[in-house]
Amino acid sequence: MGKVIVVTSGKGGVGKTTVTANLGVALALTGKRVLMIDTDTGLRNLDILLGFEDRALYDVIDVLSGNAESDDAFIQHEVIKSLYMLPASQTKEKEELDMEKFKDFCLAQKKRFDYILIDCPAGIEYGFRCALYPADEAIIVAVPDKAAIRDADRVAGLIEDGFPNVTETHLLINRLIPELADKGKTAGAEETLLTVSVKLIGIIPEDPRVLINAYDSKLCVTDRKSKAGKAIKNIAKRLNGENVKLYNIGKKRLFKKKY
């Protein structure tokens, strides 16, 4: 049986969809069968990051409502054959995504895929609850600023109190600038962990190559020069059960381990 992992944040603009896309590719490159599902109804972007925007014929609501078969709606990566995606709808309302049907659908896909990654919409309303409903694990993405950290802590509490099916919750610190963190100009890993007391899955440094690659419809995990890509590959290895060690990037080594 595969595993359903939701990538969430609470606050928008922290790089949640970029993390989902790159993490899905990183997992697929290890030989795993991966399905990525975009649940951000009305504001879908996962298909753009993957270069699938011109190939989306159906969406997740079409599948759940019976208007399309899942295999017709899935978009398979042209190069990485073990990677598939199911887009969100751009025209329907979030409430049209039926929670029970979505859970049953994800349960069925666990028999076909090693990982089902759900790109959760920002906020803590219906879309958030629907994305969490079928999840086995959650990855909370936060950037090192006070608002994002507070929202991440709020999301961690909501998951703990309201979603007993989520057996593991991870924190992912994104876009960390080591020089600023070392000078105390932004939050560092230690400060973030003290607030959001869930297990750290990885730290992704600020990296202009993420934007450069995205502009060319590429992902940073396929760029050997990308520090962010390297960090995401290490996160994929940890999800696969590999013992990849952690440390806080920058001069102040809070973790004596590789990120």
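Side-chain atoms are counted along with the backbone in the values below, which use heavy atoms only and exclude waters and symmetry mates.
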(request) Say whether Tyr58 and Glu69, considering side chains only, have a donor N or O and an acceptor N or O under 3.5 Å apart. (result) no
(message) Show every side-chain hydrogen bond (donor to acceptor under 3.5 Å, both in side chains) that has at least one partner inside residues 26-37, sequence neighbours left out.
(response) Thr30-Asn240
(request) List, by chain and then residue number, the residues other than Tyr215 in its hydrophobic cluster (Ile/Leu/Val/Met/Phe/Trp/Tyr, side-chain heavy atoms under 4.5 Å); write none if there are no others. (result) none
(request) With sequence neighbours left out, write down each residue that passes side-chain hydrogen bond (donor to acceptor under 3.5 Å, both in side chains) with Arg129, or none if nothing qualifies. (result) none
(message) So which atom in Cys220 and which in Ile232 form the shortest heavy-atom distance, rounded to 0.1 Å?
(response) SG-CD1, 4.0 Å
(request) Under 4.5 Å between side-chain heavy atoms, chaining through other members, with only Ile, Leu, Val, Met, Phe, Trp and Tyr counted: pull out the rest of the cluster around Leu194, sorted by chain and number. (result) none
(request) Taking atom CD of Glu96 as the centre, report whether more than 12 heavy atoms of other residues, nucleotides or ligands fall under 6.0 Å from it. (result) yes
(message) Suppose the criterion is salt bridge (Lys or Arg N to Asp or Glu O under 4.0 Å): which pairs have a residue in residues 17-26, not counting sequence neighbours?
(response) none
(message) Just verifying a value: how many Å separate Ile5 CD1 and Lys3 NZ, rounded to the nearest 0.5 Å?
(response) 5.5 Å
(message) If I compare all heavy atoms of Thr192 with all of Ala187, which pair ends up nearest, and what's the gap?
(response) OG1-CB, 3.9 Å
(message) Between Asp98 and Lys103 (salt bridge meaning N to carboxylate O under 4.0 Å), is one present in this structure?
(response) no
(message) Please identify which of these residues, Leu97, Val6, Thr39, meets the side-chain contact (heavy atoms from CB on, under 4.5 Å) condition with Cys130.
(response) Leu97
(request) Enter the distance from Asp59:CG to Asn67:CG here, rounded to the nearest 0.5 Å. (result) 9.0 Å
(request) Go through the structure and list residues passing salt bridge (Lys or Arg N to Asp or Glu O under 4.0 Å) with Asp62, not counting sequence neighbours. (result) Lys92
Anything under 3.5 Å between a donor and an acceptor, one on a side chain of residues 74-81, the other on a protein residue two or more places apart or in another chain? List them.
{"from": "Gln76", "atom 1": "NE2", "to": "Lys81", "atom 2": "O", "distance (Å)": "2.8"}
{"from": "Gln76", "atom 1": "NE2", "to": "Tyr84", "atom 2": "OH", "distance (Å)": "3.0"}
{"from": "His77", "atom 1": "ND1", "to": "Val79", "atom 2": "N", "distance (Å)": "3.0"}
{"from": "His77", "atom 1": "ND1", "to": "Ile80", "atom 2": "N", "distance (Å)": "3.0"}
{"from": "Lys81", "atom 1": "NZ", "to": "Glu78", "atom 2": "O", "distance (Å)": "2.9"}

(request) Determine the minimum heavy-atom distance between Val60 and Ala88, stating which atoms define it. (result) CG1-CA, 4.3 Å
(request) For residues Leu171 and Ala142, report the shortest heavy-atom separation together with the two atoms involved. (result) CD1-CB, 4.2 Å
(message) Going by the rule salt bridge (Lys or Arg N to Asp or Glu O under 4.0 Å), which residues pair with Asp151 if we only count those two or more places apart in sequence or in a different chain?
(response) none
(message) Can you list everything that forms a side-chain hydrogen bond (donor to acceptor under 3.5 Å, both in side chains) with Asp72? Sequence neighbours excluded, please.
(response) none
(message) Taking side-chain hydrogen bond (donor to acceptor under 3.5 Å, both in side chains) as the definition, give me every residue that meets it alongside Lys110, ordered by chain and number, with sequence neighbours left out.
(response) Asp136
(message) Ignoring hydrogens, what is the shortest heavy-atom contact between Asp223 and Arg209? Give both atom names and the distance.
(response) OD2-NE, 2.6 Å
(message) Quick one: does any side-chain atom of Asp114 pair with a main-chain N or O of Gly2 as donor and acceptor, under 3.5 Å?
(response) no
(message) Is it true that Asn45 and Thr17 share a donor-acceptor pair across their side chains at a distance under 3.5 Å?
(response) no
(message) Applying side-chain hydrogen bond (donor to acceptor under 3.5 Å, both in side chains), can you list everything that pairs with Ser9, at least two apart in sequence or on another chain?
(response) none
(request) Enumerate the residue pairs fulfilling side-chain hydrogen bond (donor to acceptor under 3.5 Å, both in side chains) with a member in residues 152-170, sequence neighbours excluded, ordered by first and then second residue. (result) Glu137-His170
(message) For a quick test of reading the model, state the closest non-hydrogen atom pair linking Ile118 to Pro134 and the distance between them.
(response) CD1-CG, 3.9 Å
